[in-house]
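Written below as structure tokens is the structure these notes are about.
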Amino acid sequence: MAMKTKFSVCGMCSVRCPIQVDVQDSKAIRIEGNQFALKGGLCPRGAAGIALEQDPEKPQTPLIRVGARGEGKWKAVSWDEAFDYVADKLKTIMAEHGPRSVLWSDRGGPFPDLPKAFMRGLGSPNYCNHDVACARNVQHGAMSTIGLGRKGVAYDLRNAKHIILQTRNIMEAVNVAEVNATLDGMAGGAKLTVIDIRASVSASKADNFFMIRPGTDYGFNLAVIHTLINENLYNKEYVDQFVEGFEELQSFVQPYTAEWAAEECGVPAESIRDLARQLAAAAPSVIWHPGWMVARYSNSFQVCRTAYIINALLGSIGAKGGLPFVNSPKDVGRKGLKKLVDLFPKPEEKRADGVGWKHPQFDAGPGLVNQAYDAIVTGDPYPIRAYLCWRHDPIMSMPDPAALKKKWEGLDLLVSITFSWSDTAWHSDVVLPLSTYLARESIIAGKSGLKPQFFVRKRVQEPTFDSKADWEIISGLSKRLGLDALVFDRIEDIWNYQLEGTGVTIDDFDAKGFVELADKPLYRPISEAKLPTLSGKIEMVSGKWTQAGHNTLPEYKSPQSPPAGLFRITFGRVAIHTQGHTVNNPLLFELMPENIAWMHTSRAEELGIVNDELIEIVAADGSTGRIKAFVTDCIHPEALFMVHGFGHRLPVESRAFGKGVADNELMPGGLENWDKGGGCISMQEHFVSVRKI
Amino acid sequence: MSIYRMKLDKDRCIHCKACEVHCKVVNNNPFGIKFGKHTSKGPVLKDGKIVLKASYQCCYHCEDPACVEACPTEAMVRRESDGIVYVIKELCIGCESCVTACPWNIPVLLEEENIIGKCDFCMDRLDAGLQPACVTACTTHALTLERKKTKK
């Protein structure tokens, strides 16, 4: 049969790059980036989607647990049985504890409208996503300065003159469009500055690389602010017009000189001053990236905030080549997608995680899922008894899996909806196999940007095993729970509902896989932007956070250096793997079967450890993991670094089993260490020791 | 040499190894078999800068290929029109003479089929007016297949 090429959307990681898939004999055989959006470029994870679809080492049918949680004893059941089982359990739990006792979490992304609608339909306010272990600090950093969420501004990398990466590893996280825009910007003369505790691929491309002491980013940024202000390098006109609280900032940063930061961060004072001068020369086309995965230090929220503050001082918020405001369909005179959540009224019940009442400053959207887990244990403000975990693996992505499992003991129902095995799926009561992104459709997504667009994921082949699409699972449950408005027989019915009144039809997606709502990028000047802060300006001191009792210009506290012989455990990304679920993928496993522990040459010498030697990492609670040492000068001596997502111990994953170490298992008690200002769990606040075997 | 030359732009390469995966997928290679190999060397710290070196090796498609010379069954051939060196699967007996003869040991034995496999610059794709899979789908467009202009 002739080969066909179909447009779709990748689902390997959180980025959701647009793809095109070669299909032969009704099977996907090769994937590349969408030619219209990415000119074919696609990262290794995206390329390995073919192996994900074909791999039998994943849940192949719905499963109901028959042994103890985590014991791995299952009964394979039909979809009807699985839907009946879950719906009956939910009905019983809701009858006793109310709809509010149901919790949902997923990994966020562009398609949350459907699960949010489902939770509204049930009558529960407890829709959450994974973001406490990811980007809450930057989301709240944005809200506390510019009032908008982090996605309210774009990163105009292609037009930038200086890009600063801090807590952001663009070259290894690999958002295909973003990495190309960065490289294009650099080819056009943009300078790159990287601030990190080790040499990432991004660092290898940098014009300026600062290897700072772990946890001192906030101090570094304060010194940059000090230099910009005290050397009169900031954009005074912009600050006068659009910034609130400059005088408070000015007096606050006075102790934090470049000399002070040099001592604190371990980099030369003159280099910090030189950086500030370079930024002023490039302003306003500067992007000081506020980060993405920022669930790291106790002061990471302040690192994100100061990134926005530096951008504001340089006038880059709202500027071409800086952080211009994104446009919604409305901003370009178009109508947005009709929302599925509007099918149901918003539940009046307060959220179990405290967002909106106990924590009034936080973004209510995805909440703080870890706080909702506490409600399982304490029943405060009310008990959580059922948890639906959608394409999300909290046990792998949060610290201290044992403590997390303990918190979940009070759940009467734990359902995992997943396209791969995961620690969370293995620990669940019911596993509902989600079709891979190649074998499922998703609802249409809207994407704000300089050029806003709609995009759609289409099914490029039928599922290899007995799995279902997002909307089919929601429909199956909704049918049994009386949520008739969410029962759909055909995805086209959902798409048509969403597109009502937009002037776009589903056929319009055939040409490119996405539909642009504007002909060219629209840059809206900050003078025309309405910033939803209390003052309507960019706030150096957040009005909203101050009202909630939080100091948003807190005194810098020096992070503890590891006690003698110990290391601070740190983690990060690599292009080949993502979020713990790709280690068992045959193609990606072959490229990188295990992680390694980076340690500085001087520290390895003290311990008598040589490169490539198998060593034992010992956590504060005495638990251990075995991993090979990577001895290098390219990491700060206080840190031990490993790529996240390894150390799988599920017998159903023959390849990943027993390979490498899980960083999150080295963080005992870590669930309790979360940032009251930004909301994230502070995962890089743990020390480990290392010993020879 | 062939009229083609595979070139890696080191400034754009992000060491992601997507080239290897795209190659493996288009050739449907089993575990352990790679026709294209990306190598990262480093990182090392040199004068305060981080140095990470990248290279990509597939097949050089030699002007006078030793593998073609060594093949006893005329399965390994050089296409005269553009110099691509490739394997005619039906003629290959899997004797590995080409592997030994190649200075870089580029041809590999595909054990299950008992035939030799190697990079042919995705000649089916080239003939269809496309680029090799590794080039088309290189994450950052760091790989290009350059063509010499004068060759007839």
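Computed from a prediction, not measured in an experiment: that's the story for all the values here.
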*asked:* I want to check something: taking the side chain as every heavy atom from C-beta on, are B/Lys34 and A/Leu591 in contact at a cut-off of under 4.5 Å?
replied: yes

*Is any side-chain heavy atom of B/Pro43 less than 4.5 Å from a side-chain heavy atom of A/Ser204?*
no

Please classify the contact of [X] with chain A as side chain, backbone, both or neither, using a heavy-atom distance under 4.5 Å.
X        : answer
B/Lys17  : both
B/Val44  : backbone
B/Lys10  : backbone
B/Leu143 : neither

*In Å, rounded to the nearest 0.5 Å, how long is the span from CG of B/Asn28 to CZ of A/Arg30?*
13.0 Å

[X] to [Y] - nearest heavy-atom pair and separation:
X        : Y        : value
A/Ile50  : B/Val25  : CG1-CG1, 4.0 Å
A/Ala575 : B/Cys16  : CB-CB, 3.4 Å
B/Val21  : A/Ala47  : CG1-CB, 3.5 Å
A/Lys39  : B/His141 : O-CE1, 3.1 Å
B/Ile50  : A/Ala199 : CD1-CB, 3.3 Å

*Report yes or no: does A/Glu590 contribute a side-chain atom to a donor-acceptor pair with the main-chain N or O of B/Gly32 at less than 3.5 Å?*
yes

*Would a distance-only check, ignoring hydrogens and angles, find a side-chain to backbone donor-acceptor pair under 3.5 Å from B/Lys49 to A/Lys205?*
no

*Between B/Arg12 and A/Asp184, is there a side-chain N and carboxylate O pair less than 4.0 Å apart?*
yes

Identify which part of [X] has an atom lying under 4.5 Å from any heavy atom of chain B, answering side chain, backbone, both or neither.
X        : answer
A/Ala206 : backbone
A/Glu172 : neither
A/Val201 : both

